[in-house]
Amino acid sequence: MSYYGPMTKLLEKAVETVRGLSSESQDEIARAMLELANDAEPEAIDPAHLPALLEGLEQAKAGRYAAAVDVEAAFRRFDG
């Protein structure tokens with residue numbers, strides 16, 4: 001696979017994790033990544049969600065990530 005530039009270790013880990021998901025989940029994550037990467041303005045955070053967001057950021061800093069099966073299960077909850 002060819003990249004235009006080096007990825008961070010965290011992005012490489014995320015991509016490797018996503019490779020283990022279903023095609024549908026991979027596409028959903030890819031759409032979200034593209035939207036985030038192309039979005040000039042950050043999305044407002046609902047103050048009610050801020051504690052959970054901050055907890056998630058701390059978990060990421062500590063290297064604690066959800067298992068691929070858990071991520072896929074979370075995405076399946078959004079399927080109709």
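All residue numbers refer to positions in the sequence shown, counting from 1. Because the structure is predicted, anything quoted here is derived from the model rather than measured.
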Heavy-atom closest pair, residues Glu72 and Leu21: CB-CD2, 3.9 Å

Following the transitive rule for hydrophobic clusters with a side-chain heavy-atom cut-off under 4.5 Å over Ile, Leu, Val, Met, Phe, Trp and Tyr, establish whether Leu50 and Leu57 coincide in one cluster. yes

Ile29-Leu10 co-clustered via ILVMFWY side chain contacts under 4.5 Å: no

Pairs involving residues 57-69, ordered by first then second residue, that meet side chain to side chain donor-acceptor pair (under 3.5 Å) (sequence neighbours left out): Glu55-Gln59

Give, for atom CZ of Arg31 and atom CG of Leu36, the distance between the pair rounded to the nearest 0.5 Å. 13.5 Å

Test of understanding: with salt bridge (Lys or Arg N to Asp or Glu O under 4.0 Å), list the residues that count as partners of Glu16, not counting sequence neighbours. Arg19

Does Glu24 have any salt bridge (Lys or Arg N to Asp or Glu O under 4.0 Å) partners at least two apart in sequence or in another chain, and if so, which? none

